[in-house]
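Keep in mind that the numbers below use all heavy atoms, side chains included, and drop hydrogens, waters and symmetry copies. Throughout, protein chains are lettered first and strands after them, A, B, ... in sequence-line order, and every chain is numbered starting at 1.
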Amino acid sequence: MHRREGLAKLTGRERYVDDLPLDDFLWGMTVRSPVPRGRVTAVRFGADVDWSAFVIVDHRDIPGPNEVILIERDQPVLAAGYVRHVHEPVVLLGHRSREGLRRAVRAVEVVVAPEPPVLDFRVPPRPDQIQYGRDNVLKRLKIEKGDVERALAQAPVVVSGTYETGAQEHVYLETQGMIAWLEDQVLVVKGSMQCPYYVLSALKHALARDESRVRVIQTPTGGGFGGKEEYPSDIALHAALLALKAGRPVKIVYDRGEDMAATTKRHPSWVRHRTGLTRDGRLLAQDLEVVLDGGAYVTLSPVVLSRGIIHAAGPYSCDNVRIAGRVMFTNAVPFGAFRGFGAPQTLFACERHMDVIARTLEIDPVELRRINLLRDGQTTATGQVIRDGTDRVAVLERALELSDYRAKRRAHAAFNETHAAQRRGIGLAAFYHGAGFTGGGEVHLNSRVRVAGLADGRVEVLTANIEMGQGTLTVFTQIAAERLGFAPQDVAIAEADTGRVPNSGPTVASRTTMVVGRLIERACDDLRSRLEVDAAVRGASLRAAIVRWHREHAAERLVGDAVYERPPGISWDDANYRGDAYGAFAWATYVAEVEVDLATYSTRVTGFVAVQEVGKVLNETLARGQVQGGVVQGIGWALMEECKFRDGAMINNQLTNYLIPTSDDVPPIHVAFLENPYPHGAQGAKGLGELPIDGPAPAVLNAVAAATGADPRAVPLTPERLMAIADFGLRSAE
Amino acid sequence: MDQQVPIGVTVNGVRHERAVEPRLLLSDFLRHELGLTGTHVGCEHGVCGACTVLLDGDAVRSCLILAVQADGHELVTVEGLAPPGGGDELHPLQAAFREAHGLQCGFCTPGFLMTLVPFLREHPHPSEPEIREALSGHLCRCTGYQGIVAAVRLAAGSAP
């Protein structure tokens, strides 16, 4: 089936937030902190602007608590006398002309008495830099299994290494945007977002409005990748505050420079591995320390750390594991949700470290993985027994076969012998990704879905999950149509409007198809049961039954409902980080081929194979597109995407100097799926969306290591960074 | 404050006469004055290519051109690509993008389409490297470009 909203997108008829017609409205813009830390001593409004023509909002205009409510309540909607990061919002301005507003923003001076900031999360803070708790640690988590110290002491070989990853910018092509207005005392906020109910909860809290007086509607979203998970709450609050004060609709749409400088990014990481092994490479002990840069507020960092440490030991069996994780406060723009959510960072370290081990022990990196990969009946770091029936070695084998791994290694060796200025290499990464919220998260979300039978016999699926390119509208249509025996055009998907749809949870964590899709199936079943027809009734006769019901029940509503139920046999101990972290894992092996130019130190990915087992694939075309897109985003993170910071501010906050891959930078991505249906996912599906960004960085760097003999430990591996760690001897020949 | 400048442009076959500020960008003119919001603005710098339109048949970035520079010229935006009439009939490129899943979030899509119209006119049978080079002035963050490359091949009638 074609992408459901594809026609509108191809003809220019789709209306993103900035495209919506809006009458008599004001543009909104944000005045931000110029420094990373300090007390605001004054806000000066320049003399050459007629301020009476502007709506001005500061923290005193907030009706409720000045808090962006999330896990903690530490982040203010607008700074109240103290700033903790560069670009922290201080004052909001509203005006008819966008150009006039730009000039006005520049005419406001936020005067700050600076205090010493923390700008490097890896360095222990000095006493005068402590700003959170006693030690600037935003969150500490620990996983322990077996006796790591004893196993390390007894291990014949111990291999250690540290690995680092940098911040990554989402670069959704549509920047953040939100409009807000008052409609019969109801505040309506509409915009680009992944989680309408997160935005609703933030608005209710800070604006002190109950649910009947706030409504949040998602507009077609031009990419999200996690960047529109938590941040839209901030911008929604800002647009709402301006609209409430102005008494008119207000639109805030960030330009690219503001979006890149002021919104969230992937958490930078530092990971240390200390691994005990037998001489032939069997894992005996894994001792890990994981440190993330959280930035200036807690936001989602505790759960990013959680997913990060749970994935940190890799898809391997090891009896003794200790993973100590912490997120550090720094005076940086808060780091946030980004596809993968902590797992890409720790899996980069894990899979790069596996190759470092292989080189140290002089064993084949494939064999090292093959002997340690989890077999059914073995346990992960949290003690979760894996018994899903997936043959993880077969996933690895398939990737080797499709990439022609062995033959390529021989061909590269021959090539490298005969070429002075280039080196070719191939590398792999074996990894996994847990689908849905971690631990008891899905139970806590308590997601609800509704399917309504319409008078004309069609059905309408009502969820809060959104389309941002990944194909929610299409896959939800398929799931309901398949369950009811309907044609796709007889399934309508409701707009994600909190005034109409139940809270089916956020569109994050690779949960939409697996978890929410399964709820759609159950709501379809519930709808059928209300018609009192046989469970085998499908298609045209079911449609006829819906029409008949409406004739017999004039003015009543026909709905089927479903509420999340935890799959049987799952248990999680949050206090000790033990148990079943996820209902299901997707398993993968990715193989990258590279060519390194020894004169310029630039790396080009020349081939890529992505093999994964993601349960039943519901729509292979969409699934392949997700993998290809995720792999390319991962290649960008591996080789070129670098956020450069100075005094706490991102200084390359434009697409001219923050580079993402173009069509000419990447090869075709060869995608293959192995299918092992998951009984508790829609039609057997497991999560897919995040998995593809976990594998590319370690696979690519392992390939560079194989090609050049260099030992890269950090991404992005820019030419400058490769040059700093390797001397290919060509520079003296110039 | 600023002096308004009269301009006349033909957009998607329709003649428009307007008085505009000299500094008004063509992208803002199309979006805000004419309501043609299918032309998207992704970076305001000429990097991402989302705002690409045709000016006298050539692909140009409407965020790098002033509306006054389009005076007397003929423009085509994504809204003018499909045959007129508002039905579901598509330009062959749009049909190929739909068939080959050359889009996800769709924000970059109009720009890609507008660049490809003159590209396929000049390269009716492009090779994969030619296609990848032609697309490399556009950014897409969702697809990894593979569906887009496949769509171009489909539109060009070349073997996949």
Worksheet item: Checking side chain to side chain contact (heavy atoms under 4.5 Å, CB included) for the pair B:H45/A:Q654: CA distance, chi angles, key distance, verdict?
Response: CA-CA 8 Å; B:H45 273 65; A:Q654 294 292 351; 3.3 Å; yes
Worksheet item: Considering only heavy atoms from C-beta outward, does the side chain of A:R624 approach that of B:H101 to under 4.5 Å?
Response: no
Item to complete: Look at the side chain of B:Y145 and the backbone N and O of A:G629, then say whether any donor-acceptor pair between them is shorter than 3.5 Å.
Response: no
Fill in: Any side-chain heavy-atom pair of B:R141 and A:P661 under 4.5 Å
yes
Item to complete: Please state whether the side chain, the backbone, both or neither of A:L622 comes within less than 4.5 Å of a heavy atom of chain B.
Response: side chain
Response to the item:
Shortest non-hydrogen pair, B:C48 vs A:L173, comes out as CB-CD1, 3.9 Å
Worksheet, complete the sentence: If one checks every heavy atom of A:T656 against chain B at 4.5 Å, the contacting part turns out to be both
Worksheet entry | Closest contact, heavy atoms only, B:C43 versus A:L655 | CB-CD1, 3.6 Å
Worksheet, complete the sentence: Scored by heavy-atom pairs under 4.5 Å with chain A, the best of B:E133, B:E99, B:H32 is B:E99
Worksheet item: Is A:Q628 close to B:T143 at the side-chain level, that is, under 4.5 Å between some pair of heavy atoms?
Response: no
Worksheet, complete the sentence: Highest number of heavy-atom pairs under 4.5 Å with chain A among B:G106, B:G38, B:C140 belongs to B:G106
Worksheet, complete the sentence: In terms of heavy-atom pairs under 4.5 Å with chain B, the winner among A:L20, A:V171, A:I635, A:V632 is A:V171
Worksheet item: Taking A:S663 for the side chain and B:S136 for the main chain, is one N or O donor matched with an acceptor at less than 3.5 Å?
Response: yes
Worksheet entry | Pairwise side-chain contact, B:R31 with A:D19, heavy-atom cut-off 4.5 Å (strictly under) | yes
Worksheet, complete the sentence: Residues of residues 63-81 of chain B with a heavy atom under 4.5 Å from any heavy atom of chain A, in residue-number order, are B:V78, B:E79
Discussion item. Using heavy-atom distances under 4.5 Å, tell me whether A:Q626 contacts chain B through its side chain, its backbone, both, or neither.
Written reply: both
Discussion item. Counting C-beta onward and ignoring hydrogens, is there a side-chain heavy-atom pair between A:P668 and B:R132 closer than 4.5 Å?
Written reply: yes
Discussion item. With a 4.5 angstrom heavy-atom cut-off, is it the side chain or the backbone of B:L90 that approaches chain A, or both, or neither?
Written reply: side chain
Worksheet entry | Proximity breakdown for B:F107 and chain A, heavy-atom pairs closer than 4.5 Å | both
Item to complete: Report the option among B:L135, B:L139, B:I148 that has the most heavy-atom pairs separated by less than 4.5 Å from atoms of chain A.
Response: B:L139
Item to complete: Would you name the heavy atoms of A:G222 and B:C105 that are closest together and state the gap between them?
Response: C-SG, 3.4 Å
Fill in: Approximate separation, where rounding is to 0.5 Å, of A:T11 OG1 and B:L113 CG
10.0 Å
Practice prompt. For A:K9 and B:Q104, indicate whether the former's side chain and the latter's backbone hold a donor-acceptor pair under 3.5 Å.
Written response: yes
Worksheet item: Between A:D18 and chain B, which part of the residue has a heavy atom less than 4.5 Å away: side chain, backbone, both or neither?
Response: both
Discussion item. What I'd like to find out is whether the side chain of B:C142 reaches to under 4.5 Å of the side chain of A:F225, using heavy atoms alone.
Written reply: yes
Worksheet, complete the sentence: Applying a strict 4.5 Å limit to non-hydrogen atoms, the region of A:V666 in contact with chain B is both
Discussion item. With a 3.5 Å distance limit and no angle check, can you tell me whether B:Q146 reaches the backbone of A:I669 through a side-chain donor-acceptor pair?
Written reply: yes
Worksheet item: Can you say whether the rings of A:Y16 and B:H40 are parallel (under 30°), tilted (30 to 60°) or perpendicular (over 60°)?
Response: perpendicular
Discussion item. Need one label for A:P667: side chain, backbone, both or neither, based on atoms under 4.5 Å from any heavy atom in chain B.
Written reply: backbone
Fill in: Interface moiety of A:T621 toward chain B, non-hydrogen atoms closer than 4.5 Å
side chain
Worksheet item: Okay, side chain of B:R98, backbone of A:L10: is any donor-acceptor separation there less than 3.5 Å?
Response: no
Worksheet item: CZ/A:R15 to OG1/B:T37 distance, rounded to the nearest 0.5 angstrom?
Response: 3.5 Å
Worksheet item: Less than 4.0 Å between a side-chain N and a carboxylate O, is that true for A:R98 and B:E44?
Response: no
